[in-house]
2 protein chains.
Amino acid sequence: MYVCSIMRPTNLYKGSLNTIILKLLSTHDKMYGYEITQKVKAITKGELHITEGALYPSLHKLEAEGLLEVEFVKVNNRTRKYYRLTEQGTKETMRKLEALENYIKTMRALVSPKFRLE
Amino acid sequence: MYVCSIMRPTNLYKGSLNTIILKLLSTHDKMYGYEITQKVKAITKGELHITEGALYPSLHKLEAEGLLEVEFVKVNNRTRKYYRLTEQGTKETMRKLEALENYIKTMRALVSPKFRLE
DNA sequence: TGTTATGCATAATAAACTTATGTATGTTTG
DNA sequence: CAAACATACATAAGTTTATTATGCATAACA
């Protein structure tokens, strides 16, 4: 997957890419694909490497679902495809972040018995 | 996936099933498949529902990889297939738990900027 | 005696990735 | 100044990991 850990690859935790994309766009107004890969690399100190083969299809899907909208901008003779959240995308972002928090709580309950669900 | 949340399904966070299985076996000596599904349901207050279609193939794979070993026990005229960690399985469990902690830290850094990686 | 619970298993399908490849331009460096 | 690296998009083939559906079999319960 798109985790490039120092540890040998784990194949763990698929499914969080959309959450990452949406969250980044909720705090950055608009971003283009390559920018997202670099941002994630920077924030995670190289821990996560978003592959293009995962990223671009995901962006296309999120756009097709109406969560993102597109704007083309020509910079230095190269075209950037900027994405920004739609209103629906903003709502979905909140849902996905709640789901992530919930997942983390659940996993904590499973792996560290001192964290118990109420 | 095997998450049965109150929220509408998210398709998020595949890949943690093996971690859950191994962790449970690291604190329970030996368990059989059905027992694992019930244990997870109890600990997570019904939040996670491990489907049999996911569980049994995973157990078989972990066994084939040498992480689990099998013992058949007849109880009330029904046969239970008990699994326990091998030595290699114990090591792998530690690795997977570290990877999970690491993943959670990384995701926190991405979604809650106040958590920053060093 | 039919429904629910216990207990295992596999096949078909789908989702979400990895890996590999392709196209094209700009920048840096030996 | 040519090769390597960075920027920027995209898709196709294959893998992993799940869901959904189905099957078999026994026990308990109402």
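Sequence lines set the chain letters: A, B, ... in the order given, protein chains first and strands last, and positions in each chain run from 1.
Contact annotation: A:Tyr56 reaches the phosphate of D:dC9 (side-chain N/O to OP1 or OP2, under 4.0 Å). Contact annotation: A:His60 does not reach the phosphate of D:dC9 (side-chain N/O to OP1 or OP2, under 4.0 Å). The side chain of A:Lys61 places an N or O atom within less than 4.0 Å of a non-bridging phosphate oxygen (OP1 or OP2) of C:dA16. For A:Lys74, no side-chain nitrogen or oxygen approaches OP1 or OP2 of D:dA8 to under 4.0 Å.
At a threshold of 4.5 Å between non-hydrogen side-chain atoms, the residues B:Arg84 and B:Asp29 count as touching. Looking at heavy atoms from C-beta onward, A:Leu55 lies in side-chain contact with A:Ile36 at the 4.5 angstrom threshold.
No cation-pi contact links B:Lys81 to B:Tyr32, judged by a cut-off of 6.0 Å to the six-membered ring centre and 45° from its axis.
One interatomic measurement links the two molecules: CD of B:Glu52 to P of D:dT20, which rounds to 13 Å at whole-angstrom precision. The NZ-P distance, from B:Lys14 to D:dT16, rounds to 13 Å in whole Å. If you take CZ of A:Arg80 and P of D:dA6, they are 17 Å apart, rounded to a whole angstrom. C:dA16 atom C1' lies 16 Å from atom CG of B:Leu17, rounded to whole Å. Nucleotide D:dT15 holds its P atom 19 Å from the CG atom of B:Asn18, rounded to whole Å. In this structure, A:His49 places its NE2 atom 14 Å from C1' of C:dC17, rounding to the nearest Å. Summarising the geometry, the separation between CG on B:Leu55 and C1' on C:dG7 is reported as 11 Å, rounded to the nearest angstrom. A:Ile20 places its CD1 atom 14 Å from the P atom of C:dA16, with the value rounded to the nearest Å.
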What N/O pairs connect the protein and nucleotides 27-30 of chain D at under 3.5 Å? Give each pair on its own line.
from, atom 1, to, atom 2, distance (Å)
D:dA27, OP1, B:Asn76, O, 3.3
D:dA27, OP1, B:Asn77, ND2, 3.2
D:dA27, O4', B:Arg78, NH1, 2.8

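Ion pairing between a basic and an acidic side chain is recognised when a charged N comes within 4.0 Å of a carboxylate O; B:Glu92 and B:Arg95 show such pairing. Comment: B:Lys61 engages B:Glu65 in a salt bridge, judged by a side-chain N to carboxylate O separation of less than 4.0 angstrom.
Closest contact between the side chain of B:Ala54 and the listed nucleotides D:dA18, D:dC9, C:dG7 involves D:dA18. The side chain of B:Thr51 sits closest to D:dT20 out of D:dT20, C:dG7, C:dC17. Of all nucleotides listed (C:dG7, D:dC9, C:dA14), C:dG7 comes nearest to the side chain of B:Tyr32.
Nearest-nucleotide mapping onto DNA chain D: of A:Tyr83 and A:Gln38, the residue sitting toward the 5' end is A:Gln38. Across the interface with DNA chain C, nearest-nucleotide mapping of B:Pro57 and B:Thr79 shows B:Thr79 to be the residue nearer the 5′ end.
Among residues two or more places apart in sequence or in another chain, the side-chain contact (heavy atoms from CB on, under 4.5 Å) test is passed with A:Thr86 by A:Glu69, A:Gln88. Applying the salt bridge (charged side-chain N to carboxylate O under 4.0 Å, His left out) test to B:Arg108 and every residue at least two apart in sequence or in another chain returns A:Glu101.
When heavy atoms are screened at a 4.0 angstrom cut-off, B:Gly33 is found touching the sugar-phosphate backbone but no base atom. As judged by a 4.0 angstrom heavy-atom cut-off over every strand, A:Glu35 is placed among residues making no nucleic acid contact.
A donor atom on one side chain and an acceptor atom on the other are not found under 3.5 Å apart for B:Tyr103 and B:Ser16.
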